[in-house]
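Single-structure report; data block below.
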Amino acid sequence: SVHTDPKRMRNRVSSTCIRSPFFVRTAHGTYAIAKEPLNGSNTQVAVSTSPLRDAIYRVLQEAGGSLHYEEIFARIRAKKLHVFRRKDGSVHT
């Protein structure tokens, strides 16, 4: 799918936070970095396998706490991090 629609990109941030063992939900729609990954693997190794997950990790690390997924998305866009892939493999912010 083409990720150029802000709503769809925001939803990708939300679903990545939900699915990743490296983030924990602190309130409805709000996430923080997990102290220990749920699957026990090394956080730095696993984060580098997904540009979006890596960007979320960096945003939460800089925030020093938890953020709502919409704020995470806004900060990723503000930093112009290229983490959303189109069908053709090119990236979009």
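Every heavy atom of this structure was used, including side-chain atoms; hydrogens, water molecules and symmetry mates were not. What you see is a predicted model; the values in this text were computed from it and never measured.
To the nearest 0.5 Å, atom CZ of residue Arg10 and atom CZ of residue Arg77 are 9.5 Å apart. Considering CD1 of Ile72 and CG of Leu52, their distance stands at 9.5 Å, rounded to 0.5 Å. The CG atom of Leu60 sits 13.5 Å away from the CZ atom of Phe22 when rounded to the nearest 0.5 Å.
A salt bridge does not link Glu62 to Arg58: none of the charged side-chain nitrogens sits closer than 4.0 Å to a carboxylate oxygen.
Of the possible donor and acceptor atoms, none in the side chain of Ser20 sits under 3.5 Å from a partner among the backbone N and O of Cys17.
Between Leu67 and Arg75 there is a side-chain heavy-atom pair separated by less than 4.5 Å. Using a 4.5 Å heavy-atom cutoff, the side chains of Tyr31 and Ile18 are in contact. Using a 4.5 Å cut-off on side-chain heavy atoms (C-beta onward), Arg12 and Phe73 make no contact.
For the side-chain contact (heavy atoms from CB on, under 4.5 Å) test, residues two or more places apart in sequence or in another chain that qualify with Thr30 are Thr26, Ala27, Ser66, His68. Shown here are the side-chain hydrogen bond (donor to acceptor under 3.5 Å, both in side chains) partners of Glu70, two or more places apart in sequence or in another chain: there are none.
Nearest approach of Ile33 to Gln61, heavy atoms of both residues: CD1-N, 3.6 Å.
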